[in-house]
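The sequence lines fix the lettering, A, B, ..., with proteins before strands; numbering per chain opens at 1. Bear in mind the structure is a predicted one, so any value in this text is a computation, not a measurement.
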There are 2 protein chains.
Amino acid sequence: MRTYGQYCAVAKALDVLGDRWTLLIVRELLLSGTARYTDLRNGLPGIATNLLAERLRELESAGVVLREEAPPPIATTVFRLTPRGEQLRPLLDELGRWGIPYMTEGPAEGDLFREQWMAWPAELFLTDSHPEGPPVSIELHAAESPLVIETADGEVHVRRGRATNPDVVLRGAPHPILGLFSGQMGLEEARGLGVEVEGDAAALERVLPAAPVLVPPGASESRP
Amino acid sequence: MRTYGQYCAVAKALDVLGDRWTLLIVRELLLSGTARYTDLRNGLPGIATNLLAERLRELESAGVVLREEAPPPIATTVFRLTPRGEQLRPLLDELGRWGIPYMTEGPAEGDLFREQWMAWPAELFLTDSHPEGPPVSIELHAAESPLVIETADGEVHVRRGRATNPDVVLRGAPHPILGLFSGQMGLEEARGLGVEVEGDAAALERVLPAAPVLVPPGASESRP
DNA sequence: CCGCATCCGGGGCGATACTG
DNA sequence: CAGTATCGCCCCGGATGCGG
């Protein structure tokens with residue numbers, strides 16, 4: 001493990017987490033709960049397989065990741081975060097919050113996308129405007145595998161998978177969906193960009209922001 | 001700029017911040033407010049000068065760092081964070097919080113230390129147990145350049161420099177000072193490890209935690 | 001198919017020297 | 001003081017192989 005050699009809390013944290021791909025592996029485990037090696041590879045497009053194996057070993061010996069041999073009939077190894085690893089959630093939330101402006105600008109050329117990455121924008125932007133009402137569940141299809149957005153106790157939660165009986169199903173490309181979530185775009189405008197709303201649109205509007213959320217510009221200021 | 005190529009807020013943030021040394025440069029600027037190139041080098045022992053220059057350029061073009069030509073008679077360039085860079089403070093706080101356990105274990109062999117790095121443990125551990133009383137100021141000498149710990153409105157703040165009229169002056173090695181701050185170590189025990197308290201010890205005890213703060217173990221679980 | 005290990009080319013990184 | 005220049009080295013990325 002390459003170390004900064006500084007007796008400083010921030011530097012020590014980066015000694016463990018600062019290598020390339022490391023925090024993205026933590027992201028995937030936070031989003032998945034448990035994941036197989038192949039699931040991680042799929043959620044981390046671009047990673048070299050030897051790097052994934054090496055990072056998992058490092059995170060394991062740092063007490064952040066746990067490797068478990070699943071019992072039959074699964075018969076595969078699954079990875080999950082330790083409690084110490086779970087403590088990284090606020091850190092990843094801050095990273096996501098700071099990175100949101102780069103997302104609202106739309107995907108860059110060649111950017112890949114996985115449905116679960118929408119979890120940060122969703123939990124950041126969406127709020128339950130009618131918390132005393134019955135819970136709503138929204139199924140989101142922005143890529144290949146759906147996401148469920150649910151309200152509970154006035155809070156909005158996101159998880160992977162399908163809803164048993166969704167109030168509304170939302171389909172569309174990530175960027176217009178994000179515009180909808182951030183309030184930068186109205187429902188009609190989103191429809192014009194291919195977003196489809198199937199079911200009870202009121203359930204959707206209940207969690208959408210009433211006014212555009214102020215997102216600081218993320219792009220660079222150009223220099224002479 | 002090397003990018004992960006993922007349309008994800010966390011990945012986008014790491015595209016900007018994930019390179020080696022980058023977040024430590026932000027740390028120094030958060031701690032210093034403004035800093036000259038040489039100040040940054042001093043606060044980042046181990047960094048190669050070309051890397052510091054390159055990172056500063058990247059951070060500048062990312063809108064995180066501002067480079068200013070100070071007017072005469074200073075006649076030097078100073079660096080500071082933009083508002084966008086200031087927004088990284090919660091992120092660095094989370095990094096510091098997560099890294100604290102590695103600090104309480106004591107410095108590793110060859111670890112270097114700078115006084116200002118004590119800011120995170122201090123603001124994390126210390127609280128004003130008597131907020132309605134008059135403000136107290138504590139001057140801390142754990143290395144070469146002193147730190148001031150002050151209470152204001154029931155909050156504890158840390159800044160570089162000296163106090164005009166400190167209630168108490170605290171001197172000692174970083175590790176026992178940290179033990180004191182985290183409540184793992186009593187005042188008498190700290191004295192035995194070379195910590196000196198000069199002035200009103202009650203002012204110090206006012207901000208120290210009454211009971212040991214629970215710090216999760218940071219060390220790795222050893223494997224077979 | 002799953003979970004890697006190995007090999008190899010390129011570039012980011014680290015250390016030192018040098019300069020306006 | 002504030003960098004640029006240079007040069008190894010090792011980390012990273014991509015491809016392939018391979019045992020369970």
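- Atom C1' of nucleotide C/dT6 and atom CZ of A/Arg57 are separated by 12 Å, given to the nearest angstrom.
- Atoms CG (B/Leu44) and C1' (C/dG14) sit 14 Å apart, rounded to a whole Å.
- The phosphate of D/dG3 (OP1 or OP2) has no side-chain N or O of B/Arg55 nearer than 4.0 angstrom.
- A close approach under 4.0 Å does not occur between any side-chain nitrogen or oxygen of A/Thr49 and OP1 or OP2 of C/dA5.
- Using the six-membered ring where Trp is involved, A/Tyr7 and B/His175 have ring planes that are perpendicular, over 60° apart on the 30 and 60° scheme.
- Checked by atom type and distance alone, the side chain of A/Gln184 pairs as donor or acceptor with a backbone atom of A/Val213 at under 3.5 Å.
- Contacts of A/Ala53 with the nucleic acid, taken as non-hydrogen atoms under 4.0 Å apart, involve only primed sugar atoms and P, OP1 or OP2.
- Between B/Glu54 atom CD and D/dA2 atom P there is a gap of 19 Å when expressed in whole angstrom units.
- At the phosphate of D/dA2, OP1 or OP2 sits under 4.0 Å from a side-chain N or O atom of B/Thr77.
- Checked by atom type and distance alone, the side chain of B/Tyr4 never pairs as donor or acceptor with a backbone atom of A/Ile47 at under 3.5 Å.
- A/Asp19 places its CG atom 16 Å from the P atom of C/dG12, with the value rounded to the nearest Å.
- For the OP1/OP2 pair of C/dG14 and a distance below 4.0 Å, the side-chain nitrogens and oxygens of B/Trp21 include at least one atom meeting the criterion.
- A sub-4.0 Å separation between OP1 or OP2 of C/dC4 and a side-chain N or O of A/Arg36 is absent.
- The side chain of B/Thr38 lies closest to D/dC1 when the candidates are D/dT16, D/dC1, C/dG3.
- One can place CG of B/Asn50 at 9 Å from C1' of C/dA15, the figure rounded to the nearest angstrom.
- Ring geometry, A/Tyr102 versus A/Trp98: the interplanar angle falls from 30° to 60°, so the pair is classed tilted.
- In this structure, the side chains of A/Glu58 and A/Asp19 come closer than 4.5 Å at one or more pairs of heavy atoms.
- One finds a side-chain N or O of A/Arg67 lying less than 4.0 angstrom from the OP1 or OP2 phosphate oxygen of C/dC4.
- Taking atom CZ on B/Arg41 and atom P on C/dG14, their separation rounds to 14 Å, with Å as the unit.
- For the pair A/Leu40 CG and C/dC2 C1', the interatomic distance rounds to 12 Å; values are reported in whole Å.
- Rounded to an integer number of Å, the gap from CG of A/Asp39 to C1' of C/dC4 is 15 Å.
- Nearest to the side-chain atoms of B/Tyr37 among the listed nucleotides D/dC1, D/dG3, D/dG13 stands D/dG3.
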